[in-house]
Amino acid sequence: MPELPEVETVRRSLLPRVVGRTIVAVTVAERRLRRPIQPDFERRLAGQRIDAIDRRAKYLLFALSRGDWLLAHLGMSGSLIVRATASPSVLHDHVRLRLDDDNELVLNDPRRFGLLKVGAAARAADWPELRVLGPDPLDSTLTSEQVGALLRGSKRAIKNLLIDQTALGGVGNIYANEALFRARIRPTRRTGRVRKAEVAPLLDALRAVLEEAIDLGGSSISDYRDGDGRPGYFQLRLQVYNREGEPCPACGASIRRVVQSGRSSFYCPKCQI
DNA sequence: AACAAGACCTGCATGC
DNA sequence: TGCATGCAGGTCTTGT
């Protein structure tokens, strides 16, 4: 489900409802997520106040009052929702953090590809999960020269590189396809065949598509919801993703779908070279 | 050693 | 209606 814009939307929706609240009780109904939930997870979280929520790529980091962090990833189908403790639990509610205001923060994740982990890294970047991540494309210090160097160091198809989290952190399949459409680059093009003059526009396209998606609350393709249960609306603006056979919004040619490394790519055969 | 392929899960749409 | 198939926003492991 969630790429960078969806995760950022979840972060923003949780801020006013969760920051400053103390976790008073922890219930784990299902420990088998992407990694098993730690044995001391409940004991360790109980009693800590949530002081901040940060995001790194597709991960959320909850800063806790005793110096711990709660690391969260939503996988393909996860959602973090705040709701009244009294409300009935739903299928696939795996973890519930009861807060001191009669609300609870719930991880619901049908496919169980998500991750929750508590740890005491001195800095957020010390997490092993985060250390391997490439730069966030929205990081204003990232330059097109750095992206150019990334492209030169690889022989892969450009879309595969864009969604590689060790190259760039936070870009997933939807927004990689959309950014490549805007930059008029075919997803299958080898990185070495991207001209120097195309690199800055590609980074601009990535940033624009991610920022526009955040402004619209992300894309709700099937069931994505933010922490208040609200859907996003960026899917209405998707120009190629999931639009095989439909006319290109720029030229009218029929949008094509190809499979790259097991994932669908969508592009306009006329606009994208 | 850089890639790609397959695995991990459940749910949904499609087609027979 | 029921069943089989394929596909899905992600990452991790395995193999070439």
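Labels below follow one simple rule: chain letters A, B, ... track the order of the sequence lines, proteins then strands, and each chain is numbered from 1.
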Inset, instruction - Report the distance from atom CZ of Arg12(A) to atom CG of Asp226(A), rounding to the nearest 0.5 Å. - result: 11.5 Å
Inset, instruction - Report yes or no: is the ring centroid of Phe113(A) under 5.5 Å from the six-membered base ring centroid of dT11(C), with the two planes under 30 degrees? - result: no
Inset, instruction - Identify which nucleotide among dC12(C), dA8(C), dG10(C) has an atom closest to any side-chain atom of Asn173(A), counting heavy atoms from C-beta outward. - result: dG10(C)
Legend entry - Per Arg112(A) side chain, nearest of listed nucleotides dC9(B), dG11(B), dT11(C): dC9(B)
Inset, instruction - Give the nucleotide from the list dC7(C), dC3(B), dT10(B) with an atom nearest to the side chain of Lys155(A). - result: dC3(B)
Inset, instruction - Remember a base hit wins even if backbone is also touched, and classify Phe234(A) as base, sugar-phosphate or nothing at under 4.0 Å, heavy atoms. - result: nothing
Inset, instruction - May I ask you to say whether Arg17(A) pairs ionically with Asp228(A), meaning some side-chain N is under 4.0 Å from a carboxylate O? - result: yes
Legend entry - Euclidean distance, atom CG of residue Asp164(A) to atom P of dA1(B) [Å, nearest integer]: 17 Å
Inset, instruction - Quote, to the nearest angstrom, the P distance that separates dA1(B) from dT11(C). - result: 24 Å
Inset, instruction - Could you check which of dC3(B), dG9(C), dC12(C) has an atom nearest any side-chain atom of Ser154(A)? - result: dC3(B)
Inset, instruction - Compare the minimum distances between each of dT10(B), dC12(C), dG10(C) and the side chain of Pro110(A), then state the nucleotide with the smallest one. - result: dT10(B)
Inset, instruction - Under 4.0 Å between any heavy atoms, over every strand shown, what does Asp109(A) touch: base, sugar-phosphate, or nothing? Just pick one. - result: nothing
Inset, instruction - Specify the separation, in whole Å, of atom CD of Glu6(A) and atom C1' of dG10(C). - result: 12 Å
Inset, instruction - Please report, rounded to the nearest Å, how far the P atom of dG10(C) is from the CG atom of Leu4(A). - result: 11 Å
Legend entry - Per Ser261(A) side chain, nearest of listed nucleotides dC3(B), dC7(C), dA4(B): dA4(B)
Inset, instruction - Indicate, with a heavy-atom threshold strictly under 4.0 Å, whether Leu161(A) touches base, sugar-phosphate, or nothing. - result: nothing
Inset, instruction - With the side chain of Arg156(A) defined as its heavy atoms from C-beta on, choose the nearest nucleotide among dC9(B), dG9(C), dA4(B). - result: dA4(B)
Inset, instruction - Among the candidates dG11(B), dG9(C), dC12(C), find the nucleotide nearest to the side-chain atoms of Leu91(A). - result: dG11(B)
Legend entry - Euclidean distance for P, dC3(C) against dC9(B) (whole angstrom): 24 Å
Legend entry - Chi angles and distances behind the side-chain hydrogen bond (donor to acceptor under 3.5 Å, both in side chains) call for Gln260(A), Ser265(A): CA-CA 7 Å; Gln260(A) 295 182 268; Ser265(A) 298; 2.6 Å; yes
Legend entry - OP1 or OP2 of dC12(C) under 4.0 Å from side-chain N/O of Arg34(A): yes
Inset, instruction - Could you tell me whether Asp136(A) and Arg55(A) have a side-chain N and a carboxylate O separated by less than 4.0 Å? - result: yes
Legend entry - Centroid-centroid distance, Phe181(A) to Tyr175(A), less than 6.0 Å: no
Inset, instruction - Give the rounded distance in Å between these two atoms: CD1 of Ile163(A) and P of dT11(C). - result: 9 Å
Inset, instruction - Rounded off to whole Å, could you give me the CZ-to-P distance for the Arg31(A) and dC9(B) pair? - result: 17 Å
Inset, instruction - Can you tell me the distance, in whole Å, between the CG atom of Leu60(A) and the C1' atom of dG10(C)? - result: 14 Å
Inset, instruction - Indicate whether OP1 or OP2 belonging to dG9(C) is found under 4.0 Å from a side-chain N or O atom of Tyr241(A). - result: yes
Legend entry - His73(A) side chain near dG10(C) phosphate (N/O to OP1/OP2, under 4.0 Å): no
Inset, instruction - Considering only NZ, NE, NH1 and NH2 on the basic side and carboxylate oxygens on the acidic side, decide whether Arg182(A) and Glu212(A) come within less than 4.0 Å. - result: yes
Inset, instruction - Would you please confirm or rule out a distance under 4.0 Å between OP1 or OP2 of dC9(B) and any side-chain N or O of His92(A)? - result: no
Inset, instruction - Nearest-nucleotide wise, let me know which of Arg111(A) and Val132(A) is further upstream toward the 5' end of DNA chain C. - result: Arg111(A)
Legend entry - Of the listed nucleotides dG9(C), dC8(B), dT11(C), the one nearest the side chain of Gln165(A): dT11(C)
Legend entry - Length of the line joining Arg263(A):CZ and dC12(C):C1', which is rounded to integer Å: 13 Å
Inset, instruction - Rounded off to whole Å, could you give me the CG-to-C1' distance for the Leu33(A) and dC8(B) pair? - result: 12 Å
Inset, instruction - Give one of base, sugar-phosphate or nothing for Arg35(A), where a contact means two heavy atoms less than 4.0 Å apart. - result: sugar-phosphate
Legend entry - Complementary nucleotide for dA8(C) - Watson-Crick or wobble, under 3.5 Å: dT10(B)
Legend entry - Arg49(A)/Asp51(A) salt bridge by N-O under 4.0 Å criterion: yes
